[in-house]
Amino acid sequence: MSDTTYTLTGPGGIQVFRNLPEGAKVTLTDGAVGTIIANPKDGGFVQVKFSEHSNTSMIGAEEFVFFNQVVSAVGE
């Protein structure tokens, strides 16, 4: 099975973001990487658990991430 790359730019980007599945991996503008653990499907934010972060104390931490912080998303 290949990974799906989600297109978050352009006029349909917010709709794609709104429907990102739990388990999708996101990369943020600051380079942090995490997995979506919850998506309220409101188009504003998702909850992410970090696997990579410049602040090592954030690895394993969970945080709400807003649409404008996400540069890419990949899922199965």
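Computation of the quantities below employed the complete heavy-atom set of this structure, encompassing side-chain atoms and omitting hydrogens, waters and symmetry-equivalent molecules.
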Which atom names give the shortest non-hydrogen contact between [X] and [Y], and what distance separates them?
| X | Y | result |
| --- | --- | --- |
| His53 | Ala32 | CD2-CB, 3.6 Å |
| Phe67 | Gly43 | CB-O, 3.9 Å |
| Met58 | Glu63 | CE-OE1, 3.4 Å |
| Ser51 | Ile59 | O-CG2, 3.8 Å |

With a 4.5 Å limit on heavy-atom distance, are the side chains of Phe17 and Asn39 in contact? no
The criterion is ring pair (Phe, Tyr, Trp, His ring centres under 6.0 Å); which residues satisfy it with Tyr6, sequence neighbours excluded? none
In chain order, what residues pass the side-chain hydrogen bond (donor to acceptor under 3.5 Å, both in side chains) check against Asn55, with sequence neighbours excluded? Ser57
Tell me whether Val71 shares a hydrophobic cluster with Val46, the cluster being built from Ile, Leu, Val, Met, Phe, Trp, Tyr side chains joined at under 4.5 Å. no
When Ile, Leu, Val, Met, Phe, Trp and Tyr are grouped by side-chain heavy atoms lying under 4.5 Å apart, directly or through other members, which residues fall in the same group as Val74? none
With clusters built from Ile, Leu, Val, Met, Phe, Trp and Tyr whose side-chain heavy atoms come within less than 4.5 Å, directly or transitively, what are the remaining members of the cluster of Phe45, listed by chain and number? Phe64, Phe66
Under 3.5 Å, which donor-acceptor pairs link side chains of residues 19-28 to any protein atom two or more places apart or in another chain?
residue	atom	partner	partner atom	Å
Asn19	ND2	Gln15	O	3.0
Lys25	NZ	Thr35	OG1	3.2

To the nearest 0.5 Å, tell me how far Asn68 CG sits from Leu8 CG. 12.0 Å
